[in-house]
Each structure stands twice: as C-alpha cells, then as structure tokens.
Amino acid sequence: MSKLFDMTSPVSFGALRTFVEIGRQGSIKRAAQELNVTPGAVSQQIKALEARFGVQLLERGNREVKLSAHGLRLFGEVAPAFTQIDAAVQLLDDRRPGPRSLVVSTTPSLAACWLAPRIGRFTAQHPDIEIQIETSVQLADMTGGAVDVAIRHGSGNYPGLNAALLFIPQLVAVASPSLLIDGPLSHPADCLRYPLLQDRDRADWPTWFELHGVKPTRNARKGPSYADDALLIQGVIAGQGLAIVRDVYAALALDAGSIVLALDAPVPTSAGYFVVVQPGRMTVPKIAAFRRWILSEASVGIKPT
C-alpha cells in the first residue's frame, strides 16, 4: 500500500469517494451533481483529505480542477477499488427479485431511428428488465455504474472497456419523393441542382462528392445545418432539400416511403457503432441479455423486422 496511507488517524471513506468522483468527472460541480451534494460539501471533503495527508491533491484553476502529482498517485491507487465496490454492489442489486433497471446510453439519432423501433422486442423477451434509454452526443461515463451499456460511434478503441462491433454505416443521399418527381438522379453532380441540407459540421456533402469524383463547389457547404441525422431526415421529409445521412438512420423512412434515395451511390464511413460495457460487468444478467440481443439485432441488417 502507498505510504500516503501509512498514518495513524482514520481516513474518511466518504471523502475518498468524493475525491475519486472529482478525478472521474474533472470538475467539483459535476462531482457534486453525481454525489447529490453541494459543491461546497465536496470542497470541504477534499480540504479534509489534504489536511489529513499533508499534501495538495488538486490544482485549482478559474474554471476547472486537475489532480496534482499526489492526487494522481492517490487516484491511481483508490479508484480501481471503488470501481470494484460499485460493481459488486450493482451485481447484488441486479440479482434481487423484481424489476431490474437497465440504463442504455447512445446518441439521439441512433436512439430515435434504430434503437427505439426495436426495443419492444427486447422488452417482450425480458419483461423483468426495465429499459431506460439516455441520449447524449457526449461519451457516457462507464465508471460510476450510472450507465450499464453504451452504444458508441467511433473506432472501437475504448481502453478499459469491452467493445463489440454492431455495424459500419454508409453515407447515402436522400430526398423527398415530391422533390424528385422524375425519379432518381443519374449522377452525383446532379445533386448540386437542388437545395442541400447540411450536417452539424457541413462535412458530409463535400466528403460524399469528393469520393464520387465530383469537385465540391461552394454550394456543397450551403444550406441549413442540423445537429443530428434524425433532424436532417425530418427536413428531407418536409421537402426542404437533399441530405447525406447514414443508412442506419434512413432505413425506417426509406422503408415507409417518406424519403427515397436520390441515387444509389452509398459511401462507406470510417467509423462503426459499438456496444460497450465494463469487462467486470459482462456477466451481470441484465447486461449480458441486452448485449446478446443487440448483437443479434445488428446481425440481421439495418431494417427492423
């Protein structure tokens, strides 16, 4: 054990928990929210720890806090223990009789366009598991136990977590049937004759054009931009213009006929969607059940059956 603990007076378990949460969150305010206490109470706990050890644990700036060298050392020793404690408590909670709650974190678009239309099948198979879907464009914190499963979009490289590939989406050009009354377009460059709806970064149209050998013009970045593909699809349905979206998001609307492919010219993306869990919680029954189910759903294609 570290010499930081080689002292005679007891160390407050609650203060250590508070310190670990600050290390995880990188913020006193966020740690206070996670622990359901006031920021002042968090600060007092840290001051007590610093007085106990006789060292500075945090480097405080105007808007953020960082762990000092001593803080990093302490965090490295105690954080894994709290992760194990949280996992053990959660495992016992999960084995209690009665409904079990499963928190799944994902992006708003994937939740609206892919997960929500399918989740009823999981509920039918596992009526004793109550699903809670949380959406955010930020990566979910898997260390505190508040999120059981995350569905992340990226490379799949998530240190300390187990990530299994669900699918790799493609970029497709879509439009309202009323906008393309003469049918699909013949060439990618034909899209430039129509209003274009943009993603948040205005990057998808230029990327799609470039991969099809079309030199992007200034018009390729013009047009209203939307924060996510689910909103883009709603704009397309309303006839506002053409959009580039991921096929996994467009499948339902395409199947319903509310949108159509502007032309059949998909472009593969470089990132995939992964189901992510903590390795130590892989065998928790509710998590194992959901992981098996979602991998099975992904294996049958992007359209719901």
Side-chain angles (χ1 to χ4, degrees), residues 16-17 20-21 23-26 30-31 34-35 75-111 114-169 248 271-302 304-305:
L16 286 175
R17 162 70 80 176
V20 168
E21 200 59 48
R24 289 172 175 171
Q25 302 293 334
R30 289 195 296 270
E34 193 69 25
L35 296 168
F75 183 82
E77 296 220 16
V78 301
F82 277 102
T83 298
Q84 289 182 320
I85 291 170
D86 291 339
V89 171
Q90 187 66 53
L91 182 62
L92 291 176
D93 280 344
D94 291 334
R95 296 185 184 277
R96 292 172 59 189
R100 295 170 290 167
S101 176
L102 179 77
V103 179
V104 179
S105 174
T106 187
T107 62
S109 289
L110 191 72
W114 192 86
L115 184 58
R118 291 168 167 77
I119 205 67
R121 290 200 283 271
F122 177 81
T123 301
Q125 295 174 24
H126 303 278
D128 59 326
I129 301 178
E130 296 179 345
I131 293 289
Q132 179 180 337
I133 299 175
E134 297 185 349
T135 62
S136 174
V137 296
Q138 304 298 324
L139 291 182
D141 178 12
M142 304 291 291
T143 60
V147 172
D148 298 303
V149 179
I151 305 173
R152 291 183 173 176
H153 179 242
S155 66
N157 181 24
Y158 305 113
L161 298 172
N162 179 279
L165 178 66
L166 294 174
F167 38 71
I168 298 176
V248 66
Y273 284 88
F274 296 82
V275 55
V276 180
V277 300
Q278 288 183 280
R281 303 189 69 201
M282 292 276 289
T283 58
V284 173
K286 66 180 182 180
I287 293 176
F290 184 84
R291 187 174 180 276
R292 285 193 302 270
W293 172 81
I294 197 170
L295 286 170
S296 176
E297 285 288 320
S299 70
V300 300
I302 62 174
T305 57

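Sequential numbering from 1 along the given sequence is applied to the chain's residues.
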Q. Of all heavy-atom pairs between A298 and F167, which one has the smallest distance, and what is that distance?
A. CB-CD2, 3.9 Å
**Q.** Heavy-atom check, side chain of P108 versus side chain of V137, under 4.5 Å
**A.** yes
Q.
What's the separation between atom OG1 in T123 and atom CG in L102, rounded to the nearest 0.5 Å?
A. 10.0 Å
Q) Out of curiosity, S296 OG to R121 CZ, how far, rounded to the nearest 0.5 Å? A) 9.0 Å
Q | Distance in Å, L115 CG paired with I133 CD1, rounded so as to fall on 0.5 Å steps | A | 4.0 Å
Q: For residues N162 and M282, determine if any side-chain heavy atom of one lies less than 4.5 Å from a side-chain heavy atom of the other.
A: yes
Q. Do E130 and Q132 meet the criterion of a side-chain donor-acceptor pair at a distance under 3.5 Å?
A. no
Q) So is R152 actually on top of Y158's ring, under 6.0 Å and inside 45° of the axis? A) yes
Q: Answer yes or no: is there a side-chain heavy-atom contact under 4.5 Å between V20 and F75?
A: yes
Q: Look only at the side chain of K286 and the backbone of I129, and say whether a donor-acceptor pair between them is shorter than 3.5 Å.
A: no
Q: Taking the side chain as every heavy atom from C-beta outward, state whether F82 and L16 have any atom pair closer than 4.5 Å.
A: yes
Q: Might you point out which heavy atoms bring L295 and A164 nearest each other, and give the distance in Å?
A: CD2-CB, 4.0 Å
Q) Does the pair E21/R30 count as a salt bridge with the N-to-O cut at 4.0 Å? A) no
Q) Would you call the rings of F122 and F290 parallel, tilted or perpendicular if under 30° counts as parallel and over 60° as perpendicular? A) perpendicular
Q: Could you tell me which non-hydrogen atom of V149 sits nearest to which non-hydrogen atom of V147, and how far apart they are?
A: O-CG1, 3.4 Å
Q.
Counting C-beta onward and ignoring hydrogens, is there a side-chain heavy-atom pair between V104 and D148 closer than 4.5 Å?
A. no
Q: Specify the closest pair of heavy atoms between G156 and A163, including all atoms of both residues, with the distance to one decimal.
A: O-CB, 3.8 Å
Q.
Let me confirm one number: the CH2-CZ distance from W293 to R118, rounded to the nearest 0.5 Å.
A. 7.5 Å
**Q.** Separation of W114 CH2 from E297 CD (nearest 0.5 Å)
**A.** 6.0 Å
Q.
For A111 versus P117, what's the shortest heavy-atom pair and its separation?
A. O-CD, 4.2 Å
Q) Mind checking whether I151 and L166 have side chains closer than 4.5 Å, heavy atoms only? A) yes
Q: Provide the closest heavy-atom pair for P80 versus G76 in the form atom of the first, atom of the second, distance.
A: CD-O, 3.4 Å
Q. Got a second to check how far R17's CZ is from L35's CG, nearest 0.5 Å?
A. 7.5 Å
